[in-house]
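Before any comments, here is the structure.
What you see below is based on every heavy atom in this structure, not just the backbone, and it leaves out hydrogens, waters and symmetry mates. Since this is a predicted model, take the numbers as computed values, not measurements.
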Amino acid sequence: MKYLHKILAIVLLPFLLGGCRKEEPVDLREEVNVNPPEISSVEGFYLLNEGNMGSNKSTLDYYDYSTGTSCRRS
């Protein structure tokens, strides 16, 4: 039985070490242009946040393009 454990460890060790690899981190910081095109009649947009299911805590936000601010309307 001792030999079975040693053989099993020797056989599985390369698979355990081979499964580990280093991946390059993903850069999630991208610049996003939130301003609309210059020729547009759009002044802003409404964003509905649903909240958690069944909690009845939704909010309605308005983002104004000209000022770059958002106002929360509950």
Could you tell me if the side chain of Tyr63 sits less than 4.5 Å from the side chain of Tyr46, heavy atoms only? no

Between [atom1] on residue [X] and [atom2] on residue [Y], distance to nearest 0.5 Å:
| X | Y | atom1 | atom2 | result |
| --- | --- | --- | --- | --- |
| Ser58 | Asn52 | OG | CG | 11.5 Å |
| Asn49 | Thr59 | CG | OG1 | 3.5 Å |
| Glu43 | Thr67 | CD | OG1 | 11.0 Å |
| Tyr62 | Asp64 | OH | CG | 5.0 Å |

Going by atom types alone, do Ser70 and Asp61 pair a side-chain donor with an acceptor below 3.5 Å? no

In the single-linkage hydrophobic clustering (I, L, V, M, F, W, Y; side-chain heavy atoms under 4.5 Å), do Ile10 and Leu13 co-cluster? no

Leu8, Tyr3: one ILVMFWY side-chain cluster at the under-4.5 Å cut-off? no

